[in-house]
Amino acid sequence: MAVFALVDCNNFYVSCERVFDPRLEGKPVIVLSNNDGCAVARSNEVKQLDIRMGAPVFKEKDKIRRYGIQVLSSNYALYGDMSQRVVQVLSGFCPDMEVYSIDESFLDLSHMGGQNLTALGRRIGATVKKHTGIPVSVGIAQTKTLAKIAGRIAKKSARTQGVLDLSETRYHDRALEITEVEDIWGVGRRYAKFLRVYGITNARELRDADAAFIRKKMGINGLRLIEELKGRSCYPLDSNPLPKKNITVSRSFGRVVGCLDELREAMTSYATRGSEKLRSEKLVAGVMAVFLMTDRFRPERFYYHTETVRLSVPTNNSPEIIRGALSCLESIYKEGCLYKKAGIFFHELGSESMAQRGLFDTVDRERSSRLMDSLDRINASMGKDTLRYASSGLSATRTWPTVFNHRSPAWTTRWDQLPLVR
DNA sequence: TCTGGGGTCCTAGGACCC
DNA sequence: TCTGGGGTCCTAGGACCC
């Protein structure tokens, strides 16, 4: 029989910040999305104040002031690094693991038969906390969907001390009954609303619902969901995820932008970031697309336009991609619009080593790839954007970049920002 | 004034073919 | 009154995830 454990970092971004700034311990803390827009991580104290995941921060100004909530911009360099440390510790417990997201991993415990799994879960939690400072919850069950449910209960109920083992079927009914339908993995807002209309309000009712009906309304995934809730695994551990199919770089601007020159700077910087991402995954793109959009919260004058081009030869070379992106940008730019966001997509990704040379390709690929290599190495060792393209604009005069007004230092990834202990 | 970013998979419908 | 049927491929859009 399959047994999965879900290890989920509690309030991950907030916990990362607390590791390096213990003054935040015990205080209400939120971490914001890009542009300091919405709350994307909340400490338990904040969750109790009924500030929702994704809540726009300007709507919560009152509560922030009244309760003295500490507000931080996101610091992805820190979270990415802390995430790797957690994965490192987990891999010592179980070689068969799937890193599901920045703060969650599934472990395959099928071959740990005979062990007390709750005790194992506790050891995992204690070790992660000791080695990284990050608190985790552990849910254990026969399927990933049930492990998610177990993990959720473990996180909320103090009695579980952070670990809940549901691998014994007799506990299922109770656990599923206390899980609201919208809290099931795979049930989003739309399906939750629909299910409630038909009187299905919790996970037990969904498990026992008519499979043909669910198949018809929710497709094949609805059927799989029911099977998983019954304890029959449909989603195996995926330890070698397939290579990416798309790569996106997009950002909201710090303020609206109407001027083409400024849009060129922003697009240069997104195209550069996109090329870096391609190179770091050893991929080349065959097709790219650029988009521009105005403020989506002003639907009466909303403008969104996109332009797609096929690259003459699949590439990850920054100058080529920048050139293509700027020419797309010019073809969709409309004077008089105030843009709020732009971005670039890459499709038809292929492996760098398999990339074919075009018949009429005049670029010296060998040489330009060595140049990109040196560029990446310098930026990796001396800090992001140490070397960048002039068309991305001078730092002092740029007004479009995304805002991070409350960012903590890159404690773990920049020599110049290491914490000092006095 | 102020509302993120980056992904995946599935389905329906149209074009096209025999 | 009358419309073939069935396959494949592609794309757009919807739903979900963190």
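Protein chains get the first letters and strands the later ones, always in sequence-line order, with residue 1 at the start of each.
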Taking only the side-chain heavy atoms of [X] (C-beta and beyond), determine which of [options] contains the nearest atom.
{"X": "A:Ser101", "options": "C:dC18, C:dC16, B:dT8", "result": "C:dC18"}
{"X": "A:Arg296", "options": "B:dG4, C:dC18, B:dG7", "result": "B:dG4"}
{"X": "A:Arg251", "options": "B:dT3, B:dG5, B:dC10", "result": "B:dG5"}
{"X": "A:Phe297", "options": "C:dC16, B:dT3, B:dG5", "result": "B:dT3"}

Residues A:Arg207 and A:Glu227 bridged, charged N to O under 4.0 Å:
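So A:Arg207 does not pair with A:Glu227 through a salt bridge.
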What is the nucleic acid contact for [X], judged by heavy atoms within less than 4.0 Å: base, sugar-phosphate only, or nothing?
{"X": "A:Lys148", "value": "sugar-phosphate"}
{"X": "A:Asn35", "value": "nothing"}
{"X": "A:Arg224", "value": "sugar-phosphate"}
{"X": "A:Asp295", "value": "nothing"}
{"X": "A:Ile247", "value": "sugar-phosphate"}
{"X": "A:Leu225", "value": "nothing"}
{"X": "A:Val249", "value": "sugar-phosphate"}
{"X": "A:Arg298", "value": "sugar-phosphate"}
{"X": "A:Asn221", "value": "sugar-phosphate"}
{"X": "A:Arg255", "value": "nothing"}

All heavy atoms of A:Leu107 vs all of A:Cys94, minimum pair found to be CB-SG, 4.0 Å
With side chain to side chain donor-acceptor pair (under 3.5 Å) as the criterion, how do A:Asp81 and A:Thr412 come out once you've worked through the C-alpha distance, each side chain's angles and the decisive distance to 0.1 Å?
CA-CA 7 Å; A:Asp81 185 55; A:Thr412 63; 2.7 Å; yes
Are the ring centres of A:Phe297 and A:Phe302 closer than 6.0 Å?
no
How about A:Phe253 and A:Tyr339: are their ring centres within less than 6.0 Å of each other?
no
Would A:Phe58 count as stacking on B:dT3 if stacking means ring centres less than 5.5 angstrom apart and planes tilted under 30 degrees?
no
